[in-house]
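Here the structure is laid out as structure tokens; the discussion comes afterwards.
All residue numbers refer to positions in the sequence shown, counting from 1. Since the structure is predicted, the reported quantities are computational estimates derived from the model, not experimental observations.
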Amino acid sequence: YVIKDLLKAYETQTTALFTWLANSPLGWIMGLFVGTGVTAVVQSSSATISIVQKLYGQGNIPLMGALPILLGCNIGTTVTAMFACVGGGTQAKRTSFVHAIFNVFGAVLFMILLVPYTTVVQGIENKILGPMGADPSMTLAFAHIIFNFITTFILYFFAVFSNFGL
């Protein structure tokens with residue numbers, strides 16, 4: 001209810017901000033940084049994503065504005081791993097580094113492909129989730145699954161065919 005009350009109190013400003021985030025390439029980049037920053041501060045991508053899901057589910061932010069924030073959450077979550085590896089051994093540092101590379105690579109890739117990515121996710125919402133009567137916030141859950149699956153597939157392909165192997 002706190003978010004809803006804040007949005008109602010500042011409805012004009014938040015509507016303008018979310019519209020800008022959705023309609024401007026600079027807004028998309030800012031959304032990526034907002035997602036990264038908020039997640040890094042709260043050290044929980046789940047908390048940040050749940051806020052974005054609620055905003056999207058209530059119709060307060062368009063999909064094109066929500067997806068960059070979601071992608072930023074993936075980068076922000078690596079901060080916790082970076083803190084955890086301080087004072088750790090080589091394996092901890094490598095794991096943290098690979099986690100960061102995975103999420104940064106995926107976020108950059110999907111930001112480059114943001115328009116087609118949004119179209120695919122919107123299609124899933126319109127053709128699958130909508131007719132099923134699913135909550136619109138589930139759309140972002142499917143967007144996150146797509147992000148993780150495709151990023152994993154691409155990086156696995158490179159790992160298998162590189163000198164690093166598995």
Side-chain angles (χ1 to χ4, degrees), residues 1-80 99-158:
Y1 294 109
V2 173
I3 293 172
K4 190 174 183 181
D5 292 340
L6 281 173
L7 288 174
K8 186 170 267 187
Y10 297 101
E11 187 170 357
T12 305
Q13 293 89 346
T14 55
T15 301
L17 173 65
F18 292 149
T19 301
W20 179 74
L21 282 174
N23 296 328
S24 161
L26 182 59
W28 302 339
I29 294 168
M30 287 304 299
L32 181 77
F33 287 130
V34 165
T36 301
V38 171
T39 302
V41 168
V42 299
Q43 293 188 6
S44 172
S45 61
S46 299
T48 309
I49 290 170
S50 68
I51 292 169
V52 176
Q53 281 182 312
K54 192 71 165 171
L55 290 171
Y56 179 71
Q58 293 175 345
N60 292 317
I61 185 170
L63 185 60
M64 187 71 89
L67 289 178
I69 297 171
L70 177 81
L71 296 173
C73 291
N74 286 300
I75 297 173
T77 195
T78 65
V79 171
T80 306
H99 181 236
I101 293 297
F102 176 90
N103 284 308
V104 170
F105 171 81
V108 169
L109 174 68
F110 278 86
M111 284 297 289
I112 291 168
L113 301 171
L114 185 62
V115 173
Y117 176 49
T118 304
T119 303
V120 168
V121 172
Q122 190 69 60
I124 290 171
E125 180 178 28
N126 293 341
K127 294 186 176 155
I128 299 170
L129 298 175
M132 287 175 30
D135 186 338
S137 61
M138 287 297 297
T139 304
L140 294 181
F142 276 88
H144 204 211
I145 290 168
I146 292 167
F147 168 85
N148 283 315
F149 180 78
I150 291 176
T151 304
T152 300
F153 180 78
I154 291 170
L155 291 179
Y156 181 78
F157 173 79
F158 283 114

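- Every residue two or more places apart in sequence or in another chain was checked for a side-chain hydrogen bond (donor to acceptor under 3.5 Å, both in side chains) with S45, and none qualifies.
- Counting non-hydrogen atoms of other residues, nucleotides and ligands closer than 6.0 Å to CZ of F102 gives a total above 12.
- H99 NE2 to T80 OG1: the interatomic distance, rounded to the nearest 0.5 Å, is 8.5 Å.
- By the side-chain hydrogen bond (donor to acceptor under 3.5 Å, both in side chains) test, T77 pairs with no residue at all, sequence neighbours left out.
- With rounding to the nearest 0.5 angstrom, the OG atom of S137 is 9.5 Å from the CG atom of L129.
- Taking the side-chain hydrogen bond (donor to acceptor under 3.5 Å, both in side chains) definition, one finds that Q53 meets it with nothing, sequence neighbours left out.
- Considering CG of L140 and NZ of K54, their distance stands at 13.0 Å, rounded to 0.5 Å.
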Checking I124 against I146 for the side chain to side chain contact (heavy atoms under 4.5 Å, CB included) test, could you report, in this order, the C-alpha distance in whole Å, the side-chain angles of both residues, the deciding distance, and whether it holds? CA-CA 11 Å; I124 290 171; I146 292 167; 3.4 Å; yes
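- Heavy-atom minimum distance, Y56 versus P136: CE2-O, 3.3 Å.
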Decide yes or no on side chain to side chain contact (heavy atoms under 4.5 Å, CB included) for M111 and L67, but give the supporting numbers first. CA-CA 9 Å; M111 284 297 289; L67 289 178; over 6 Å; no
Under the side chain to side chain contact (heavy atoms under 4.5 Å, CB included) rule, what do I154 and F105 come out as? Steps first, then yes or no, please. CA-CA 10 Å; I154 291 170; F105 171 81; 3.8 Å; yes
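- Every residue meeting the side-chain contact (heavy atoms from CB on, under 4.5 Å) condition with N126, not counting sequence neighbours, appears here in chain and number order: Q122.
- Contact record, L63 with T139: CD1-CG2, 4.2 Å, taken as the closest heavy-atom pair.
- The CD1 atom of I145 sits 12.0 Å away from atom CD1 of I150, with the distance rounded to the nearest 0.5 Å.
- In this structure, the ring-ring contact (aromatic ring centres under 6.0 Å, His included) partners of F147, at least two apart in sequence or on a different chain, are F110.
- Pairing each heavy atom of V79 with each of A40, the nearest pair is CG2-CB, 3.7 Å.
- No side-chain donor-acceptor contact under 3.5 Å links T78 to the backbone of N74.
- Under the 4.5 Å side-chain criterion, counting only non-hydrogen atoms from C-beta, V42 is in contact with T48.
- The structure places CD1 of I61 at 6.0 Å from CG of L55, a figure rounded to the nearest 0.5 Å.
- The main-chain N or O of A143 is found under 3.5 Å from a side-chain atom of Y117 such that the two form a donor-acceptor pair.
- Listed by chain and residue number, nothing satisfies the side-chain hydrogen bond (donor to acceptor under 3.5 Å, both in side chains) test with Q43 (two or more places apart in sequence, or in another chain).
- Taken to the nearest 0.5 Å, the CD1 atom of I75 stands 9.5 Å off from the OG1 atom of T39.
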